[in-house]
Amino acid sequence: MVNNTEEKESNQRPPRQILARSYSRRASLRSSINHILTNETAHDDSNFWNVSSRWFADATEEIVGNVAGAAVDDTALRTSGVEIVSAADFDEDDYEEDIGVDDAKLFDDLSSIGDTGTPSDRRTIYTRRQMIKFICKWILLAFILLSAMLHSMAQSTTQYSLSMPRWALLRGESNRFQPMKDMFVEISGEEVFLETDSPQYRALVFLAEQDPLKLNPSDPILSHQIIQRYVLSVLYFSTNGPSWKHRVYWLTGQHECGWQYVICSDVQEQSNSTADADKKKRQKVVLAGDKFNPENMDDDFSDFADSDLGLGKGRTITGLKLFDNGLAGNSLPLELVELKYLHILDVGSNSLVGTIATYFSQFTHLRELYLNRNELHGKIDANMTKGLTKLKVLSLGHNFLTGKVDDLFLRDLTSLENLSLEYNQLSGILPTVLGNMKALQHIRLGGNTLHGKIPLSLENNLPNLQRLWLQENKLTGTIPWSIFCDASSTLVDLRLQNNSFGGDIPDVDCTMEKIELLSMASNNLKGSIPNDFGDHFPSLKELHLYDNQLTSTIPPSIFKPANLTAVLFGMNKLTGTLSFSMFQEASNLVYLYLNANDLGGTLDDFAQAEGLLSLKKLRLEYNSFSGTIPKLELPSLELFYAYNNSLLASGLENLSSSVALKKLKLSNCSLAGEIPPKLGNLTNLEVLHLNGNLLTGTIPSEFQELTVLEELRVEGNDLSGAVPFEVCTLRNSQLNVFVSDCGGEW
C-alpha cells in the first residue's frame with residue numbers, strides 16, 4: 001500500500017504550473033539581458049545598477065524554479081555530503097518568508113503528498129532549498145564582480161567616435177559645461193561652438209560630460225591641464241582621431257601626458273625679478289630638477305624615456321610625435337598655439353590638406369617642425385618663420401607648396417640645422433643668407449624649380465654641412481668645388497643630378513674624407529674624369545655620373561674606395577676597354593653600369609677579375625664589345641645586359657654556370673649556333689631575351705625547368721621546328737610574354 005502511494009505521488013512531480021512558471025521566467029531573463037546590452041544609457045551609474053538588479057532578481061527566480069522543479073536523488077545527496085534533516089526540523093513559515101508567496105505555494109504543491117508520504121520526500125525538498133541558497137550566493141558574488149568590471153571598462157577604455165548621437169544626448173547636462181565653454185571661447189572664439197559637430201564643440205562635450213577625470217573648471221590649479229586636454233581633443237577630432245593608427249589612451253581617464261605619442265616634461269613658469277615693468281610680463285622657463293631645459297635640449301629627446309604610451313616625464317606638453325599615424329583633415333587647428341612650451345611637432349607622412357599655417361611663428365620654443373609628406377599647399381613666406389630663432393629642424397618636403405625660399409624666409413632661422421623643402425613647387429634662386437647659417441647640417445631643396453648658380457657666399461661658411469640636396473632643379477653654371485672642400489671633413493651626401501650644370505669635372509684639391517654618395521648625373525658635364533678622382537673620396541659608396549657628355553677612359557682610381565657599391569657611368573662617351581686590374585679592390589661593388597658608351601675590346605680580360613664577388617648588376621649594353629662572351633666568375637650576378645653589342649658572336653653556353661642570374665638580355669648581337677640546352681640550369685631566370693641574333697636549331701625542351709620565367713623572346717633568329725610542349729606549358733605559370741618568329745605573343 002505504501003509503495004503504491006509513493007508511486008502515485010512520484011507521478012505528480014513536477015507539477016505543470018512549475019514548468020510554466022520556469023518558461024515565463026526564462027523569457028523574462030532573456031528580455032532583461034537584451035535590455036542591458038542595448039540600453040544606450042547603461043553607463044549611467046544609477047540606471048546601470050537598477051537594470052542589473054532586475055536582471056539578478058530574474059536570474060535568481062529562474063534558478064529557484066528550475067531547481068525546485070527537478071527531482072533530486074536522496075542517495076546521491078547523502079553520498080555527496082549534503083546535510084539531510086528530518087521533517088520535524090523543517091520550518092515551512094521560514095521557507096515562505098524567504099522565497100515569497102508564489103514559491104511558498106510551490107512548496108505546498110510539492111509537500112501535499114499527505115501524511116502517508118515518506119520522510120525522504122520532505123527531506124528532499126528541504127535539501128533543494130539549501131542548494132538554491134548555495135547557488136544564489138555564488139551567483140550574487142559573480143554578478144557583483146562582473147558588474148564592477150563592466151562599469152570600470154566603460155569608464156576607462158571608451159573610444160569616442162565622430163558620430164554625434166551620443167554627444168548630442170549629453171550636451172549641457174553637467175554643471176561644468178558652461179564654465180568650460182566660457183574658458184574655451186577665449187581660445188577658439190564663440191562661432192565654432194554654434195555648430196555641434198565642430199571639433200571644438202566635441203572637445204567641449206568630452207571634457208564637460210564624458211571625461212572620467214571630471215576636472216573642475218573653477219579650480220585655477222587645474223586650468224593648465226584642462227586647456228591641454230582641450231587642445232589635444234580638438235586635434236583629435238580635427239584630424240579624424242578614431243581612424244588613427246595608434247591612439248592608445250586618447251580621450252580616456254589617463255592624464256594627457258600618458259596619451260600615446262605625447263611628450264611631457266616638468267616645466268614651471270615664474271616672473272623674472274626685474275624692476276622693468278615690461279620685463280616682468282615675460283616668463284622664464286625654470287628647470288624642475290634636471291629633467292628638462294627648454295633652452296638647451298637634445299634633438300632626439302635622449303634624456304626622456306621613449307615608449308609608445310607617452311614620451312618623457314612631467315605634466316607639461318612639450319612634444320607631439322604623430323608621424324605616419326593616419327591623421328587626415330584640413331591642416332592643423334589653431335588651438336595648438338596654446339601649447340606654449342611645444343618643442344617638437346611631428347605630423348609628417350599623414351594626409352593633412354589645406355594651406356600652410358602662419359601661426360607657427362607663435363611657437364617661440366619650437367625646435368623641430370615636421371609637416372613633410374602631406375598634401376599641404378599654398379605659399380610660404382616670412383610670416384611663417386618669423387621669430388623662430390630656436391628652430392633647428394624645418395621639414396616641409398613632399399607637399400605642394402609654392403613661393404620662394406628667399407632671404408626673408410630664412411632670416412630668423414639662425415639656429416637651423418636641417419632645412420628640408422624638397423619636392424614642392426618652390427621657385428627663385430638659392431638664397432645668399434644660407435652663408436650666414438653656420439649651424440646648417442642638412443640642406444634638402446631638390447625637386448623644385450630653383451634656378452641660377454650656387455652662390456659663392458656659401459664658400460667657407462658651411463663647416464658643418466653633411467647633406468646637400470639640390471637635385472632636380474634648373475640650376476646652371478659650374479660646380480664650385482671650393483664650397484664643398486670647405487665641408488670636406490663633414491660632407492656625407494652631395495646630390496646635384498638632373499640640373500643644367502656645365503663645364504669640366506675639375507681637379508679636386510682636397511680629400512673629402514666622409515662623403516659616401518656623390519651624384520652629378522644628368523647634367524651637361526664635359527671633358528674627362530681626372531685620373532686621381534677616386535683618390536679624393538676614400539669613403540665613397542656611390543658615384544653617379546651617368547647621362548653627361550664625359551669622354552676619355554675610366555680611370556682605375558674610381559674603383560679604389562674600399563666601400564664602393566655603385567658606379568653608374570652610363571650614357572656618356574667613355575672609351576677604352578675593361579681590364580681585370582681595374583677591379584681588384586672592388587670587392588664590395590654591387591652595381592656597375594657602363595651602358596651606352598663607346599667602350600670596346602673583348603670581355604676576356606674583364607672575366608679574369610677576381611674581386612667582383614658582390615657584383616649583382618652588370619650593364620654593358622649599347623657599346624662595341626666583340627668576341628666571345630666569357631665565363632663570368634661572378635657568383636652573385638643577377639642581371640647581365642649586353643644587348644646591342646653587334647660584334648659579340650659566341651659564348652652563350654658560358655653563362656650556364658651563372659646560376660644566380662634573374663635577368664639576361666643579349667638581343668641584337670651576332671650570336672650564332674644553337675641555343676645551349678644548359679641554359680635550362682638557370683632556374684632563377686625571370687627574363688631571357690635572345691632575339692635579333694643568328695641562332696639556329698630549336699628551342700631546347702630543357703627550358704621547361706625555367707619555372708619562374710616571365711619573358712622569353714627568341715624572334716629574329718633562324719630557329720626552326722615547333723616550340724616544345726613542355727615549354728608551352730610555362731604559359732600556365734609565370735610566363736606572360738613569349739615572342740617567337742611566328743609573331744605569337746602572350
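Applying the ring-ring contact (aromatic ring centres under 6.0 Å, His included) rule to Trp481 yields the partners Phe484; only residues at least two apart in sequence or on another chain are considered. Shown here are the ring-ring contact (aromatic ring centres under 6.0 Å, His included) partners of Phe569, two or more places apart in sequence or in another chain: there are none. In this structure, the salt bridge (charged side-chain N to carboxylate O under 4.0 Å, His left out) partners of Glu621, at least two apart in sequence or on a different chain, are Arg619. Looking at residues two or more places apart in sequence or on another chain, you find no ring-ring contact (aromatic ring centres under 6.0 Å, His included) involving Phe501. Every residue meeting the ring-ring contact (aromatic ring centres under 6.0 Å, His included) condition with His398, not counting sequence neighbours, appears here in chain and number order: Tyr423. Asn563 is linked by a side chain to side chain contact (heavy atoms under 4.5 Å, CB included) to Lys541, Asn588, counting only residues two or more places apart in sequence or in another chain.
Under the 30°/60° scheme for interplanar angles, the aromatic rings of His544 and Tyr546 are found to be tilted. Between Trp250 and Trp244, the ring planes lie perpendicular to each other; the angle is over 60°, past the 30° to 60° tilted range.
In summary, Arg229 and Asp211 engage in a salt bridge, as defined by a charged side-chain N under 4.0 Å from a carboxylate O. Ion pair Lys379/Asp381 not flagged as a salt bridge, since none of the NZ, NE, NH1 or NH2 atoms sits closer than 4.0 Å to an Asp/Glu carboxylate oxygen.
Across every non-hydrogen atom of Ala487 and Leu462, the tightest pair is CB-O, 3.3 Å. For the pair Leu251 and Trp259, the tightest heavy-atom approach, listed with the atom from each and the gap, is N-CZ2, 3.5 Å.
For the residue pair Arg444/Ser420, the side-chain donor-acceptor check at 3.5 Å is satisfied. Thr316 and Asp266 share no side-chain donor-acceptor pair at under 3.5 Å.
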